[in-house]
Trainee: 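Could you have a look at this structure, given as structure tokens, before my questions?
Counting convention: from 1, in listed order, for ligands and their atoms alike.
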Amino acid sequence: MTIVDTPERRQLRELTRAFVTKEVLPNLDDWERAGDVPRSLHETAAKIGLLGIGFPEAVGGSGGDLLDSILVTEEVIRSGGSSGLIAALFTHGIALPHMVASQDDGLIERYVRPTLAGTMIGALAITEPDGGSDVAGIRTCARRDGDHYVVNGSKTYITSGVRSDFVTTAVCTDFPGSGTLSLLVVEKGTPGFTVGRRLEKLGWHCSDTAELSFVDVRVPVANRIGPEDTGFLAIMQQFATERLSLATQAYATAQRCVELATRWCRDRSTFGRPLASRQLVRHRLAEMHTRAEAARAYVHDVAERVAAGEPVVTEVAMAKNVAVAACDFVVDAALQLHGGFGYLRDAEVERHYRDARILGIGGGTTEIMNEIIAKGMGL
Ligand SMILES: Cc1cc2nc3c(=O)[nH]c(=O)nc-3n(C[C@H](O)[C@H](O)[C@H](O)COP(=O)(O)OP(=O)(O)OC[C@H]3O[C@@H](n4cnc5c(N)ncnc54)[C@H](O)[C@@H]3O)c2cc1C
């Protein structure tokens, strides 16, 4: 099955491709070196309606659903962008959904609208230095004090955490590790809230990643998302979208690398003949293409079911693992087919090879996905 192609979706693909060609491709190498993307990119993407895809117009979005967001992610990467760029420019895809779901007008006006207009940047902070897989084990705590919470703790590996104006933060509202969680929006500049470090990474170089520290940070109760102690459920409900986005980044990266490798193998000759004339090489490309296409079809199928409201937690986990496995295979093979050039910064496959490694870690690791799948099997 594939996502139904409509005139609107064809237009969305063209809009995305034009945006990447004009705004991203001439600058991506510079942003990779700089370690982040400029704020102006968010504003430009917002002005043409790209930033708000998948968010209702009632909260400042451009409309569309999960399938439209998937198309945008796919097209950004297939047009020569990268999963790192998706992480940096579309961080609001993980920072805002809990607020939108809460239907809290105050939070929507203060954070959701400006972010979708490209004038604010948000981040989502769940992971802590003590561990990310065990969400219930969160130790950053919020103690109620009148009409404020007092937050103490730390978070790490937070995407866009260096640039963000606010952070949707998972805190424990009982004792540390109790699993009783709430989500608070913590604003940059609040006394006691600091970015400890900008973290250096293997890939996703254009996406800044932060360590965050909270020391007696006073956060208004009005900044709580939804009722107290409902944070764990809210986080789990939004994981499906994040995991499908990562799965999309994985198969789209694989598709892009198949295209790059195919072009390379047609153009590159060894021993007097194009690489693509060798059966071994053609079969390798055929296998790469098959794995990328199978992953795309399965991710689209699961995404359609999520969009239709089906309870497919297990299938989402399988889709992420299938797409990540396809991507890992393809980026490695694509780099190998490029020979020495594949190892150079000048080669686009080199960036995809590095960027791809996070996809089986972020949003729940491959092992945690397997835990979910095993549970779904009744094990
Ligand atoms: C570039 C980058 C960006 C990120 N962005 C964000 C972000 O924006 N917000 C955020 O909150 N987090 C973010 N993360 C964190 C990411 O979600 C976590 O790294 C991930 O969930 C794993 O947590 P961990 O690193 O603490 O590993 P751990 O939980 O310590 O796990 C270590 C290893 O043990 C395995 N493992 C753990 N438990 C089990 C088990 N029960 N059975 C078998 N194996 C197990 C894991 O699969 C993993 O291989 C980001 C990470 C990176 C690197």
Side-chain angles (χ1 to χ4, degrees), residues 32 35-37 82-98 115 121-140 153-172 177 179 181-186 195-214 225 231-232 234-236 238-243 245-247 249-250 253 316-317 320-321 324-325 328 351-352 354-375 379:
E32 287 276 303
D36 54 32
V37 301
S82 66
S83 58
L85 179 79
I86 296 286
L89 184 58
F90 292 91
T91 322
H92 60 279
I94 55 174
L96 297 183
H98 322 84
T115 305
I121 294 174
L124 172 70
I126 297 175
T127 306
E128 303 191 339
D130 283 342
S133 300
D134 181 10
V135 175
I138 279 174
R139 305 189 67 79
T140 297
S154 55
K155 299 285 178 182
T156 194
Y157 316 144
I158 305 309
T159 298
S160 296
V162 179
R163 295 179 307 142
S164 61
D165 302 294
F166 66 89
V167 180
T168 299
T169 310
V171 293
C172 177
L181 306 181
S182 300
L183 288 170
L184 299 180
V185 184
V186 185
V195 175
R197 240 174 5 125
R198 177 192 280 262
L199 302 171
E200 293 187 3
K201 313 183 291 296
L202 171 70
W204 278 16
H205 285 175
C206 69
S207 165
D208 65 277
T209 310
E211 207 172 71
L212 304 175
S213 165
F214 304 80
I225 303 173
F232 188 81
I235 291 167
M236 293 301 145
Q238 299 305 333
F239 260 149
T241 318
E242 180 178 2
R243 286 172 184 162
S245 171
L246 290 160
Q249 292 169 46
T253 299
V316 168
K320 182 167 186 280
N321 279 3
V324 166
D328 286 348
R351 190 180 65 233
H352 291 307
R354 287 184 290 102
D355 283 356
R357 194 60 187 85
I358 181 61
L359 302 175
I361 297 172
T365 64
T366 300
E367 293 75 15
I368 295 303
M369 294 306 100
N370 278 335
E371 273 297 296
I372 293 169
I373 297 161
K375 217 174 269 174
L379 294 169

Trainee: Check for a donor-acceptor pair, side chain of Lys155 on one end and backbone N or O of Thr140 on the other, with a separation under 3.5 Å.
Mentor: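 Between the backbone of Thr140 and the side chain of Lys155 there is no qualifying donor-acceptor contact (under 3.5 Å).
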Trainee: Within the protein, flag every N or O under 3.5 Å from an N or O of ligand 1, and note the pair and distance.
Mentor:
residue, atom, partner, partner atom, Å
ligand 1, 5 (N), Tyr157, O, 2.8
ligand 1, 5 (N), Thr159, OG1, 2.8
ligand 1, 8 (O), Thr159, N, 3.0
ligand 1, 8 (O), Thr159, OG1, 3.4
ligand 1, 9 (N), Leu124, O, 2.8
ligand 1, 11 (O), Ile126, N, 2.8
ligand 1, 11 (O), Thr127, N, 2.9
ligand 1, 11 (O), Thr127, OG1, 3.2
ligand 1, 12 (N), Thr127, OG1, 2.7
ligand 1, 14 (N), Tyr157, O, 3.3
ligand 1, 26 (O), Gly132, N, 2.6
ligand 1, 29 (O), Ser133, N, 3.1
ligand 1, 29 (O), Ser133, OG, 2.6
ligand 1, 47 (O), Thr365, OG1, 2.6
ligand 1, 47 (O), Glu367, OE1, 2.7

Trainee: Can you tell which of Leu124, Val37, Asp208 makes a side chain to side chain contact (heavy atoms under 4.5 Å, CB included) with Ser160?
Mentor: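 The single option meeting the side chain to side chain contact (heavy atoms under 4.5 Å, CB included) with Ser160 is Asp208.
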Trainee: Who are the side chain to side chain contact (heavy atoms under 4.5 Å, CB included) partners of Ala240, not counting sequence neighbours?
Mentor: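 Side chain to side chain contact (heavy atoms under 4.5 Å, CB included) list for Ala240, sorted by chain: Val316.
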Trainee: Just jot down the salt bridge (charged side-chain N to carboxylate O under 4.0 Å, His left out) partners of Arg198, sequence neighbours excluded, or say none.
Mentor: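 So Arg198 forms a salt bridge (charged side-chain N to carboxylate O under 4.0 Å, His left out) with Asp36.
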Trainee: Tell me, please, which residues at least two apart from Ser83 pass side-chain hydrogen bond (donor to acceptor under 3.5 Å, both in side chains).
Mentor: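 For Ser83, the residues satisfying side-chain hydrogen bond (donor to acceptor under 3.5 Å, both in side chains) (neighbours in sequence not counted) are Trp204.
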Trainee: Main chain of Thr241, side chain of Ser245: is a donor-acceptor contact present, judged purely on distance under 3.5 Å?
Mentor: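 Judged by distance alone, no pair lies under 3.5 Å.
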